[in-house]
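To keep things clear, I will list the structure first and then write my remarks on it.
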Amino acid sequence: IEQPTFPKITEMCVKMIRRVNDEEGIKKLVNETFQKLWFTPTPHHDKEAMTRKILNITDVVAACRDTGYDWFEQLLQNLLKSEEDASYKPVKKACTQLVDNLVEHILKYEESLSDSDNKGVNSGRLVACITTLFLFSKIRPQLMVKHAMPMQPYLTTKCSTQNDFMVICNVAKILELVVPLMEHPSETFLATIEEDLMKLIIKYGMTVVQHCVSCLGAVVTKVTQHYKFVWACFNRYYGALSKLKSQHQEDPNSTILTANKPALLRSLFTVGALCRHFDFDQEDFKGSSKVNIKDKVLELLMYFTKHSDEEVQTKAIIGLGFAFIQHPSLMFEQEVKTLYNSILSDKNCSVNLKIQVLKNLQTYLQEEDTRMQQADRDWKKVAKQEDLKEMGDISSGMSSSIMQLYLKQVLEAFFHTQSTVRHFALNVIALTLNQGLIHPVQCVPYLIAMGTDPEPSMRNKADQQLVEIDKKYAGFIHMKAVAGMKMSYQVQQAINTCPKDPVRGFRHDESSSALCSHLYSMIRGNRQHRRAFLIALLNLFDDTAKTEVNMLLYIADNLACFPYQTQEEPLFIMHHIDITLSVSGSNLLQSFKESMVKDKKKERKPSSDEETESDSNSGSESESEEEASKPRRLRKRVESDSDSDEENDINAVMKCLPENSAPLIEFANVSQGILLLLMLKQHLKNLCGFSDSKIQKYSPSESAKVYDKAINRKTGVHFHPKQTLDFLRSDMANSKITEEVKRSIVKQYLD
């Protein structure tokens, strides 16, 4: 019973069930498969089949322990929803059977343990069974109402392993959902639960405290109304905090404070957790007192956010996050805005504090989402009597205002070097967009940027958000595509661990796909949008755009590796490269020539003896210029194909260089764009196997059908612009001008 029953079946189930939110066809297949496998009623006499089913479900739940259980909830909701209006409800019946047998299975398992030497040991199987019961309770808590009492003793589990803590937390979560639904539960049962929860809150760590306070919140506010019991607990921790604050104000370096640090951390967390689930400004708690509890708590927690110890700061921020769930309006307070925004925007601020602020915002939004869904369900039940939807609208209005305050700083967190910071920032933005709290257009470039993240889960999430935006607002993606490409370069710069290595625009794996390939695939379907996007990218290579060289390399990489499907796409790029080269390239060569000639003349007036010499030299100079300005292929046809000829060309131009090196560096910098375009054109030509005549014949004004043929990509063709990579690695733009650097620039000019 301890071992997974059929490891291969479990593995296959895990792989299949994770596709529950996939496209409609796959979603339907997953639902049908698991309905037959798990959610079809089992004949009462077939105990073996039932046991097999339970073991299979709990194996899958155990296997998904680290990745989350969203799939189970989604699957169960899909299946129950599909039979809502049916007279016969097989899924509901199957769920009732499963829950009843899971509880029976747990109790028998406990009996078998009590007879063995492993008494008191909570196994992985028990954890999986109780977790599965919680997942059922989350979707249909009514199924567990008759089993609430057998669950209560698990709150007294002695905790020594991770499994023990998981049992307590899941039982607390089950009771939180189920106890309020019980009809006339016994006073003894309720009092026992309250006492057990209070003991756990006082004794154990953060996770247990969080779930037990949450359960206590449901039991007290919805069932027992034992407010004085909770008020006494709150005062215990609030009083301890006030005392510790006074001691710290008197002497920040006091040894008493160091000794009391564990008590300080527990008090900060517990006061916050209690404020999340109870509104202590209600008369039920504080009686006739005029003291504003929420403001006092805010003042106390804010004090400890300025503490010198980062651990204390973190716990104070966690406490604030909890308090803000009960009282969101506190987030409009100036000191809170300053605290959150300074932590998010300060590059030198601790990563832990940044993550905690983002977690606070994420938890607030998740809680608001749950509230709104509940309000929506309640409204559907009593739609005719009251307009409960309006309440939801007021709540979402508050959320929207709050997110507007912190949006910019959260989006800027996408450019952080730590992936955890980017992960939570993306979660916050996804929740904000899903709830419709902000206009999505301002997030589009940032989401495009996050679509290039090295972690697949993050880029998939960002891409999914873009797909959703594109469905609702056609044209938004195209409108912000170039800005998104530029931002994606900033993200890549931030996560580039070796600053000496240039940032590249493709994945360093066997696929070598463009980092922005998803963006291109979204735009490519619309010919007009695609062309406008490609032209905008190619315009960045123009010398007047003054784009930094590494960004040009990044864009060229993407253009080289985009998932082109028809011949028209690369041919259009090559056509526009030719246009850019004919203008920018010629201008660049001309300005280089002029700088040579003008500077030579300006250097000094030649003497009469030198004039003759310079006249004869000017002929050779213009010859060498003329020679140098010929395309290398042409020269190589005329001359012998040897290194000495290239060396002669370089020497001829070297003689003409001015003493003032500024134009040389300017040329070297600006010419990178031209060189990249030359290399990109050659790469696309090799990749797609186009002939020169095909490229020359292409006209963008021709009918789309002419070039609608699929591309026959050649394998093993890689984009490697060596000169630009050398230029960036040697940091030539900031180099001292030596003979070697001059020779390198002259070689660029000749190329």
Side-chain angles (χ1 to χ4, degrees), residues 201 205-207 209-211 213-214 217 233-235 237-245 248-249 261 263-281 291-346 349-368 371 398-399 401-407 409-410 413 421 424-425 427-428 431-432:
I201 290 165
M206 283 201 301
T207 312
V209 169
Q210 210 170 331
H211 293 304
V213 170
S214 185
C233 177
F234 170 74
N235 275 313
Y237 289 106
Y238 178 82
L241 268 189
S242 298
K243 191 177 174 185
L244 289 164
K245 178 191 172 186
H248 186 263
Q249 282 173 324
K261 184 180 167 183
L264 171 59
L265 297 176
R266 175 175 284 279
S267 299
L268 287 166
F269 186 86
T270 310
V271 163
L274 287 164
C275 286
R276 173 179 179 170
H277 296 284
F278 301 97
D279 182 358
F280 291 108
D281 280 310
V291 178
N292 190 317
I293 303 294
K294 74 171 188 289
D295 290 347
K296 287 284 182 188
V297 169
L298 177 67
E299 184 189 329
L300 206 49
L301 293 174
M302 283 301 295
Y303 177 81
F304 287 104
T305 61
K306 300 173 183 72
H307 199 278
S308 56
D309 187 324
E310 190 186 301
E311 205 179 347
V312 174
Q313 285 179 291
T314 307
K315 283 288 189 295
I317 290 169
I318 291 172
L320 281 173
F322 287 153
F324 296 159
I325 290 168
Q326 181 69 245
H327 303 288
S329 59
L330 292 176
M331 280 192 266
F332 295 112
E333 295 290 330
Q334 188 55 51
E335 57 182 337
V336 175
K337 286 193 285 185
T338 306
L339 174 75
Y340 270 25
N341 285 334
S342 62
I343 288 173
L344 290 174
S345 55
D346 183 1
C349 187
S350 150
V351 170
N352 289 335
L353 296 182
K354 280 184 195 293
I355 290 169
Q356 194 51 58
V357 168
L358 290 166
K359 275 184 180 176
N360 282 2
L361 290 170
Q362 175 183 300
T363 311
Y364 164 69
L365 290 169
Q366 285 168 337
E367 203 74 16
E368 278 303 300
R371 276 184 203 172
M398 169 86 78
S399 310
S401 303
I402 287 166
M403 284 320 299
Q404 294 293 351
L405 287 178
Y406 303 108
L407 182 67
Q409 283 73 17
V410 173
V421 176
F424 283 109
N427 283 356
V428 171
L431 284 163
T432 307

(message) Run the side chain to side chain donor-acceptor pair (under 3.5 Å) test against Asp281 and tell me which residues pass, sequence neighbours left out.
(response)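 In terms of side chain to side chain donor-acceptor pair (under 3.5 Å), with neighbours along the sequence ignored, Asp281 is linked to Lys286.
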(message) Once side chain to side chain donor-acceptor pair (under 3.5 Å) is applied, do any residues pair with Gln356, and if so which ones, sequence neighbours excluded?
(response)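 With neighbours one apart ignored, the set is Asn360.
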Could you pull out every donor-acceptor pair under 3.5 Å between side chains of residues 323-339 and any protein atom, sequence neighbours left out?
from   : atom 1 : to     : atom 2 : distance (Å)
Gln326 : NE2    : Arg276 : O      : 3.1
Gln334 : NE2    : Thr338 : OG1    : 3.3
Thr338 : OG1    : Gln334 : O      : 2.8

Heavy-atom side-chain contact between [X] and [Y] under 4.5 Å:
X: Thr314; Y: Leu265; result: no
X: Asp279; Y: Ile293; result: no
X: Val428; Y: Met403; result: yes

As an exercise, state the distance from [atom1] of [X] to [atom2] of [Y], rounded to the nearest 0.5 Å.
X: Lys359; Y: Ile355; atom1: NZ; atom2: CD1; answer: 7.0 Å
X: Ile317; Y: Phe322; atom1: CD1; atom2: CZ; answer: 13.0 Å
X: Thr305; Y: Met302; atom1: OG1; atom2: CE; answer: 4.0 Å

For a quick test of reading the model, state the closest non-hydrogen atom pair linking [X] to [Y] and the distance between them.
X: Gly217; Y: Phe278; answer: CA-CZ, 3.3 Å
X: Leu358; Y: Ala413; answer: CD1-CB, 4.4 Å
X: Leu298; Y: Leu320; answer: CD1-CD2, 3.6 Å
X: Ser242; Y: Leu300; answer: OG-CD2, 3.8 Å
X: Ala263; Y: Leu244; answer: C-CD1, 4.5 Å

(request) For the pair Tyr340 and Leu361, evaluate side-chain contact (heavy atoms from CB on, under 4.5 Å) and give the outcome as yes or no after the intermediate values. (result) CA-CA 10 Å; Tyr340 270 25; Leu361 290 170; 4.2 Å; yes
(request) Determine which pairs satisfy salt bridge (charged side-chain N to carboxylate O under 4.0 Å, His left out) with at least one residue from residues 293-303, sequence neighbours left out, and list them in order. (result)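 Qualifying pairs, neighbours excluded: Lys245-Glu299.
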(request) With sequence neighbours excluded, give me every salt bridge (charged side-chain N to carboxylate O under 4.0 Å, His left out) pair touching residues 263-275. (result)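 Matches after skipping sequence neighbours: none remain.
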(request) Please lay out, stage by stage, how Leu268 and Ile318 fare under the test side-chain contact (heavy atoms from CB on, under 4.5 Å). (result) CA-CA 8 Å; Leu268 287 166; Ile318 291 172; over 6 Å; no
Mind checking side chain to side chain contact (heavy atoms under 4.5 Å, CB included) for [X] and listing every partner two or more places apart, or none if nothing turns up?
X: Gln409; result: Asn341, Leu344, Ser345
X: Ser342; result: none
X: Ser267; result: Tyr237, Ala240, Leu241
X: His277; result: Val213, Ser214

(request) For Phe304, enumerate each residue passing the ring-ring contact (aromatic ring centres under 6.0 Å, His included) test, keeping only those at least two apart in sequence or located in another chain. (result)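 Counting only residues at least two positions away or on another chain, Phe304 forms no ring-ring contact (aromatic ring centres under 6.0 Å, His included).
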(message) My understanding is that only residues two or more places apart in sequence, or in another chain, count here; which of them pass ring-ring contact (aromatic ring centres under 6.0 Å, His included) with Phe234?
(response)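 Phe234 satisfies ring-ring contact (aromatic ring centres under 6.0 Å, His included) with Trp231, Tyr238, Phe280 only.
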(message) My understanding is that only residues two or more places apart in sequence, or in another chain, count here; which of them pass salt bridge (Lys or Arg N to Asp or Glu O under 4.0 Å) with Asp309?
(response)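 Testing Asp309 for salt bridge (Lys or Arg N to Asp or Glu O under 4.0 Å), a comparison that skips the adjacent residues, returns Lys261.
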(message) Whether the Glu310 and Ser350 side chains hold a donor-acceptor pair (N or O, under 3.5 Å, no angle test) is what I'd like checked.
(response)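 Side-chain D/A pair, Glu310 to Ser350: present.
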(request) Apply side-chain contact (heavy atoms from CB on, under 4.5 Å) to Gln313 and Lys306, showing your working. (result) CA-CA 7 Å; Gln313 285 179 291; Lys306 300 173 183 72; over 6 Å; no
(message) What verdict does the side-chain contact (heavy atoms from CB on, under 4.5 Å) test give for Glu368 and Leu431, after you've listed the backbone C-alpha separation in whole Å, the side-chain angles of each residue and the deciding distance to 0.1 Å?
(response) CA-CA 10 Å; Glu368 278 303 300; Leu431 284 163; over 6 Å; no
